[in-house]
Number of protein chains: 2
Amino acid sequence: MSSIKEIAKYVGISPASVSIYLNDKNSTRVSAKTKLLIDEAVLALNYHKNVFASSLATQESRIIGIIIPTMLPLFQNDYTNTLLSGIQTRLSAFGYSMLFFPSSAKSSIEIVKEQLEKSAGCDGYILFSTGFCTMDQIRKNITEIEKTGRPFVTLNIPSVPERIHQVLIEGLETASGIPYLISKGHRNIVLLLGRRAGVHARFLKNDFKTRIAAAGIKCDENSIIYGEYDALQAYSAVKEVLETRPETTAICSMSDIMAAAAIKAVQESGRTVPDDISVIGRNNSLHAMLATPSITTIDLNMHQAGLSAANLLLDAVDGNTAPQKIIISGTLIERESVAVR
Amino acid sequence: MSSIKEIAKYVGISPASVSIYLNDKNSTRVSAKTKLLIDEAVLALNYHKNVFASSLATQESRIIGIIIPTMLPLFQNDYTNTLLSGIQTRLSAFGYSMLFFPSSAKSSIEIVKEQLEKSAGCDGYILFSTGFCTMDQIRKNITEIEKTGRPFVTLNIPSVPERIHQVLIEGLETASGIPYLISKGHRNIVLLLGRRAGVHARFLKNDFKTRIAAAGIKCDENSIIYGEYDALQAYSAVKEVLETRPETTAICSMSDIMAAAAIKAVQESGRTVPDDISVIGRNNSLHAMLATPSITTIDLNMHQAGLSAANLLLDAVDGNTAPQKIIISGTLIERESVAVR
DNA sequence: TTGTAGGCGTTATCAA
DNA sequence: TTGATAACGCCTACAA
């Protein structure tokens, strides 16, 4: 409520001196007496610094804009939350705030545009991609964010030729569970994807087909199903595929939540995991650990990815402009949900 | 990067006209020709509005500060995420951004102070409490935030006499699973709490004892255990209590994650849920739905609580100052983890 | 329909 | 050690 001017008036000095002291308590440019008086005034007048005014003057806000092109409510997605958690941990440690923008738009491009529109003043951005984005949209989003002239890092996005700061999650577009299942003797594998639209699905589908073919297995289009990263939808999809493809011996799910739902579906169809059907998940979330049986999964190390993205951005904000790609590898976590065939 | 001045120069008009048009595309105070020229310039110069400058001028930022007094990384807690999701949904719909502040402090009070220190400029705040806060700290945090003179809403906090905007989650300090378990014939119930410190634990413990006593059951101090809202710690605590109190017939957990961990522990001790031991959770998270057996739980309706908190705050920002308390009730979700005794 | 001028709260430069 | 003053980018009277 109160401003630096009022503090100055209260103490009987100029705003400049107040500012100097408040920004550097050890400054030698303010006398000890004055310092005490200022402290007193700050308390008496409930002074709080206005970040916005200060960032206007310094051209630095210590605020990072987080751009997430999704139409769904935030903070509901396991992957995104883990990423955000890593980002927040690092940004917070360096005194940076995170700003999430509103959006009413209906497409990934529109959302990014809308969010960027009112965002000038942020020191940098982290751009997510989500299962909603096509490759084309991702490129456009990058162009859009480049126009701000501010440093940014992309996260959760397929590798892209643009010379930008990028954290890549190895295995995000790889059906990494497949070779493992094959090595365990499975030849009748169902791929449980998340979103139907978006790049991720495209890449994963192709990868799946390639790997299956390489193992000499004939690919059946019906063996690819979709769960929208949602427990209920995954459950239904698995129930259905169990009927149409009773020969299935393994399910490779693109998230632990869908894997847990798959296990439910298998069990309720009267079969057991892993004896009748093996299930592998992805993300190494709590769901994988707590399911019965516990789920063998691939840890994408997304928390680390978040940390790295923040590191990269902070470097860039400090003027380090050489574009870097950081690649985060996944780790296989073997538990109880996969059996040898 | 570019400013309203540059746009004006580019078009050959005054900054005022640009500002007027940009803030009201339908304004009659700017000619159609000029509008087109401005649009062109905006594109050509990659103009993005500086929120900070504009909020300085208007004394309104459309940014809400989110204050969460925790030392743990954000976005990792089921309860908090659900709350945040509700808040974001509503705020976003009304065009408000959310700002998360950094903090390096080691106590709830210090964190709040530190975050508030640089936060002037926000239109309002949402103040969380966490399992780390004692009642005393909560009161101090409220006093602190009141000093900003900005509207704020408290969330996830025990009812407090102060005349403030408050969203109360009914059942947050109530061991609501207890009466249910008693009604099912259980008399040997273990209470699985989260954090040891903090108000919540205190309230819950008292409530538990009262309810147990009312049912004529003698209370055993050993029947109260702690899992820190963490799967691993809850698992160990349950394993242990199963040894020391083999007569236990039911576990009342304060979170679904801990309930799922409890089920694991029970199963691995060679007993079954719910036949040997019943388990009830809280929060109706995905964990409760996906566990085997699925978990009977109490839905605290935290998403709704988040929505309500945002509503309340938005009202307050609009000048509606009459303090309101909104009470969100819980809902019992009966599933498979509780048996009649 | 457009322009001028002052101010929002803070900081930086320069002078006293 | 302190004070004036201008500037950051935008908005709003008011004047033209």
Side-chain angles (χ1 to χ4, degrees), chain A residues 1-38 41-42 45-63 116-123 148-150, chain B residues 1-38 41-42 45-63 116-123 148-150:
Chain A
M1 229 42 304
S2 66
S3 74
I4 225 173
K5 269 188 197 161
E6 300 176 54
I7 301 283
K9 197 174 292 171
Y10 186 96
V11 178
I13 56 173
S14 83
S17 302
V18 179
S19 173
I20 288 168
Y21 169 59
L22 256 23
N23 285 309
D24 177 13
K25 300 259 175 185
N26 299 318
S27 169
T28 55
R29 300 182 51 197
V30 178
S31 71
K33 278 178 241 160
T34 311
K35 285 182 180 180
L36 285 174
L37 289 172
I38 296 177
V42 164
L45 302 179
N46 279 318
Y47 173 77
H48 294 269
K49 179 194 274 208
N50 187 321
V51 230
F52 305 152
S54 144
S55 77
L56 228 204
T58 57
Q59 299 293 82
E60 167 193 75
S61 61
R62 297 185 85 82
I63 294 180
L116 250 24
E117 211 157 79
K118 303 167 188 166
S119 80
C122 289
D123 286 351
T148 66
R150 292 284 181 175
Chain B
M1 222 58 285
S2 65
S3 74
I4 225 173
K5 267 189 200 161
E6 301 177 54
I7 301 285
K9 198 175 294 172
Y10 186 96
V11 178
I13 56 172
S14 84
S17 301
V18 179
S19 172
I20 287 166
Y21 169 58
L22 257 24
N23 285 309
D24 177 13
K25 301 258 176 186
N26 299 319
S27 169
T28 54
R29 300 180 51 195
V30 179
S31 72
K33 278 177 242 162
T34 312
K35 285 183 180 179
L36 285 174
L37 289 171
I38 296 176
V42 164
L45 302 178
N46 280 319
Y47 172 78
H48 293 268
K49 179 193 278 207
N50 186 321
V51 230
F52 306 151
S54 121
S55 78
L56 230 203
T58 56
Q59 298 292 84
E60 166 193 75
S61 61
R62 297 187 84 82
I63 293 180
L116 251 22
E117 213 156 77
K118 304 166 188 165
S119 80
C122 288
D123 287 351
T148 66
R150 291 284 181 176

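Just so we're on the same page: letters track the sequence lines, and every chain starts at 1. In what follows, every heavy atom counts, from backbone to side chain, and hydrogens, waters and symmetry copies are set aside.
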For a quick test of reading the model: is some side-chain N or O of B:T28 closer than 4.0 Å to OP1 or OP2 of C:dT1? no
Need one value for A:T34: base, sugar-phosphate or nothing, where a base atom within 4.0 Å counts as base even if backbone is also close, heavy atoms only. sugar-phosphate
If the test is side-chain contact (heavy atoms from CB on, under 4.5 Å), which one of B:V30, B:L37, B:T34 qualifies with B:I13? B:T34
Rounding to a whole Å, what distance do you find between A:E60:CD and D:dG9:P? 15 Å
In this structure, are over 12 heavy atoms from other groups packed under 6.0 Å from A:K35 atom NZ? yes
So CD1 of B:I4 and OH of B:Y21: to nearest 0.5 Å the spacing works out to 12.5 Å
Drop me the distance from A:I63's CD1 to A:S119's OG, to the nearest 0.5 angstrom. 11.0 Å
Look only at the side chain of B:S27 and the backbone of B:D24, and say whether a donor-acceptor pair between them is shorter than 3.5 Å. no
Whole Å only: how far is the CG atom of A:D24 from the C1' atom of D:dT1? 15 Å
Can you check the A:I7 CD1 to C:dT10 P distance for me, whole Å? 9 Å
Once base and sugar-phosphate atoms are separated, protein heavy atoms under 4.0 Å mark nucleotides 10-16 of chain D, 5' to 3', with B, S and - as BBB-B--
Could you give the NZ-to-P distance, from B:K9 to D:dG9, as a whole number of Å? 11 Å
Given atom CG of A:L56 and atom C1' of C:dT10, what is their separation to the nearest angstrom? 8 Å
Which of these nucleotides, D:dG3, C:dT4, D:dG9, is closest to any side-chain atom of B:S14? C:dT4
Rounded to whole Å, please give me the gap between CD1 in B:I38 and C1' in C:dT2. 11 Å
Do other residues, nucleotides or ligands put more than 12 heavy atoms under 6.0 Å from the NZ atom of A:K25? yes
Short side-chain N/O contact from A:Q59 to OP1 or OP2 of C:dT10, under 4.0 Å: no
Given atom CG of B:L45 and atom P of D:dG9, what is their separation to the nearest angstrom? 14 Å
Using the test side-chain hydrogen bond (donor to acceptor under 3.5 Å, both in side chains), find all partners of B:S61 that sit at least two apart in sequence or belong to another chain. B:D123
